[in-house]
Participant: 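I have a structure here, written as structure tokens, and I will follow up with some questions on it.
Hydrogens, waters and symmetry mates play no part in the numbers below; they use all other heavy atoms, side chains included. The residues of the chain are indexed from 1 along the displayed sequence.
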Amino acid sequence: MDRNLADFLTRLIAIRTQPDRAHETALAAIDAYYELLDQIGIEHCYFGGFEIGEDGTPSMTQFSGTRLTPAFIEEFTHELAIDDYVLRRGQTLDAAAPILKFETGMPALDEIEAFHAPARKVQVECARQGVVEGVAMVGNTALAASPTASGHGRFFGFVFGGKAGTRSLLKKHGDVVEIASFALLDQIKPQIEATIDGYEEPLSGRQLEVLAAVANGAIRKQIAFDFNIALPTVDMHLSAIRRKLHAATLSEAVAKAYRYAVL
């Protein structure tokens, strides 16, 4: 096994996701991933989860990892994602091809424009950020995606790129990059799910305790007694929990908390 890959996988084993440190461990895993890419010589990699609606329109609210400038990230998520070639290739996934790898960047511009003409503008803007050529990977196997036969659902996407010559570098180290990427996805899946769902405001320590009590079957009066707080305070915490998790009910809040590795 490649030594750099072995070191990366060893670090992932050491970075165990704990409910009270899920966000921190995800960041540590991403940092280790970028260190591996640096060792290989890959200049740019941005990745994250995204959705494609029933009308075929992709959306991405936030990258899970990127080194692109904040200004471009904001422009991409607010304006460019809808026409991005990589995200739109998610439409072509099906049971026979749950993962796709393909070239992106300026050398593939004609193919990109033929697939979706407005995507040309996105590629040109990416090139201005230093992603001149590269390789992308999209798939649905690492997330709890909806059926892809209809071309809509929940997906993941990676773009590896840089200056001219990056494709050759990726071809040489493709197996290492792919193994590392799937290992990372396995580690940070809860955080990707949370990002797609819009969970951005973390629960406080007390809110986590209250939610854990709810998950264990405690009712309002029991929670008030156990934590020595008034019933209105319990209600305040429960309301904040539902709001932060975008949950209509406490049962939904508990389910989301487990999915996001909050509990």
Side-chain angles (χ1 to χ4, degrees), residues 12 17 22-34 37 44-68 72-94 97-102 104 122 126 131 134-161 177-202 244-247 255-262:
L12 283 192
T17 299
H23 180 67
E24 291 80 2
T25 55
L27 292 178
I30 292 170
D31 285 343
Y33 179 70
Y34 275 119
L37 296 181
H44 282 286
C45 172
Y46 46 99
F47 63 92
F50 64 97
E51 290 185 310
I52 296 179
E54 293 187 12
D55 62 352
T57 302
S59 62
M60 184 177 197
T61 58
Q62 186 177 332
F63 289 107
S64 294
T66 181
R67 289 176 170 174
L68 296 169
F72 178 79
I73 294 170
E74 182 178 5
E75 180 181 3
F76 182 90
T77 55
H78 285 78
E79 301 177 21
L80 302 178
I82 191 173
D83 290 319
D84 182 61
Y85 175 59
V86 176
L87 302 191
R88 283 189 171 269
R89 284 297 298 268
Q91 301 171 7
T92 64
L93 294 172
D94 57 30
I99 300 171
L100 291 176
K101 291 182 289 183
F102 49 91
T104 187
V122 184
C126 288
V131 188
V135 173
M137 178 172 66
V138 296
N140 69 341
T141 57
L143 298 177
S146 302
T148 59
S150 57
H152 67 272
R154 185 166 285 196
F155 309 90
F156 69 85
F158 282 82
V159 176
F160 309 95
V177 171
E178 187 170 334
I179 292 170
S181 298
F182 279 107
L184 176 70
L185 281 172
D186 182 66
Q187 185 91 341
I188 69 170
K189 174 186 172 181
Q191 287 68 44
I192 292 179
E193 293 279 10
T195 298
I196 295 176
D197 285 348
Y199 173 57
E200 298 177 345
E201 187 181 358
K244 289 183 177 182
L245 290 169
H246 304 285
K256 285 188 171 183
Y258 278 119
R259 193 162 75 243
Y260 302 162
V262 172

Participant: So how far is it from I192 CD1 to L184 CG, rounded to the nearest 0.5 Å?
Facilitator: 7.0 Å

Participant: Sequence neighbours excluded, which residues qualify as salt bridge (Lys or Arg N to Asp or Glu O under 4.0 Å) partners of E178?
Facilitator: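 Testing E178 for salt bridge (Lys or Arg N to Asp or Glu O under 4.0 Å), a comparison that skips the adjacent residues, returns K101.
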
Participant: With D197, which residues qualify under side-chain hydrogen bond (donor to acceptor under 3.5 Å, both in side chains), at least two apart?
Facilitator: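 Result, side-chain hydrogen bond (donor to acceptor under 3.5 Å, both in side chains) vs D197: R154, R259, Y260.
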
Participant: Once you round to the nearest 0.5 Å, how far does CD1 of I52 lie from CZ of R88?
Facilitator: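 If we round to the nearest 0.5 Å, I52:CD1 and R88:CZ are 8.0 Å apart.
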
Participant: Not counting sequence neighbours, which residues clear side chain to side chain contact (heavy atoms under 4.5 Å, CB included) with A183? List them please.
Facilitator: F8, L9, L12

Participant: If you look at every heavy atom in P190 and A261, which pair is closest and at what distance?
Facilitator: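 Taking P190 first and A261 second, the nearest heavy atoms are CB-CB, 3.6 Å.
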
Participant: Counting C-beta onward and ignoring hydrogens, is there a side-chain heavy-atom pair between V131 and L68 closer than 4.5 Å?
Facilitator: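 Contact flag for V131/L68 side chains = yes.
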
Participant: Is there a side-chain contact between M137 and L100 in this structure, where contact means two heavy atoms from C-beta onward sitting under 4.5 Å apart?
Facilitator: no

Participant: For Y199, is there any backbone N or O sitting under 3.5 Å from a side-chain donor or acceptor partner on K244?
Facilitator: no

Participant: To the nearest 0.5 Å, what is the distance between NZ (K189) and CD (Q187)?
Facilitator: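 Spacing of NZ (K189) from CD (Q187) equals 13.0 Å.
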
Participant: Taking it one step at a time, do T104 and V159 satisfy side chain to side chain contact (heavy atoms under 4.5 Å, CB included)?
Facilitator: CA-CA 8 Å; T104 187; V159 176; 4.2 Å; yes

Participant: For F63, check ring pair (Phe, Tyr, Trp, His ring centres under 6.0 Å) against everything at least two apart and list the hits.
Facilitator: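 Per chain and number, F63 pairs via ring pair (Phe, Tyr, Trp, His ring centres under 6.0 Å) with Y46, F76.
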
Participant: Could you tell me whether the side chain of T57 and the main chain of G53 form a donor-acceptor pair under 3.5 Å?
Facilitator: no

Participant: What residues, two or more places apart in sequence or in another chain, satisfy side-chain hydrogen bond (donor to acceptor under 3.5 Å, both in side chains) together with S59?
Facilitator: none

Participant: Who passes ring pair (Phe, Tyr, Trp, His ring centres under 6.0 Å) against F158, sequence neighbours left out?
Facilitator: F47, F160

Participant: Please identify each residue that fulfils side-chain hydrogen bond (donor to acceptor under 3.5 Å, both in side chains) with S181, with sequence neighbours left out.
Facilitator: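 Checked S181 against side-chain hydrogen bond (donor to acceptor under 3.5 Å, both in side chains); matches are Y33.
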
Participant: For Y85, which residues count as a ring pair (Phe, Tyr, Trp, His ring centres under 6.0 Å) partner, sequence neighbours excluded?
Facilitator: F102, F115

Participant: First locate atom CG of L80, then atom CD of E75, and finally report the distance between them rounded to the nearest 0.5 Å.
Facilitator: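 One gets 4.5 Å once the value is rounded to the nearest 0.5 Å.
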
Participant: Between CG of L37 and CZ of R67, what distance do you get to the nearest 0.5 Å?
Facilitator: 7.0 Å

Participant: Could you tell me which non-hydrogen atom of I188 sits nearest to which non-hydrogen atom of A29, and how far apart they are?
Facilitator: CG2-CB, 4.2 Å

Participant: For E201, which residues count as a side-chain hydrogen bond (donor to acceptor under 3.5 Å, both in side chains) partner, sequence neighbours excluded?
Facilitator: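 Listed in chain order: R243.
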
Participant: Walk me through it: do F156 and N140 pass the test side chain to side chain contact (heavy atoms under 4.5 Å, CB included)?
Facilitator: CA-CA 6 Å; F156 69 85; N140 69 341; 5.9 Å; no

Participant: Might you work through the side chain to side chain contact (heavy atoms under 4.5 Å, CB included) test for H246 and K256, ending with a clear yes or no?
Facilitator: CA-CA 9 Å; H246 304 285; K256 285 188 171 183; 3.9 Å; yes

Participant: Could you grab the distance from atom OG1 of T66 to atom CD1 of I73, nearest 0.5 Å is fine?
Facilitator: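 Those atoms lie 4.5 Å apart.
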
Participant: Which heavy atom in G48 sits nearest to a heavy atom in S64, and how many Å separate them?
Facilitator: CA-OG, 3.7 Å

Participant: Can you sort out the partners of E200 under side chain to side chain contact (heavy atoms under 4.5 Å, CB included), two or more places apart, ordered by chain and number?
Facilitator: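 Here the qualifying residues are Q62.
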
Participant: Can you find a pair of side-chain heavy atoms, one from T77 and one from F50, that are under 4.5 Å apart?
Facilitator: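 No, their side chains stay 4.5 Å or more apart.
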
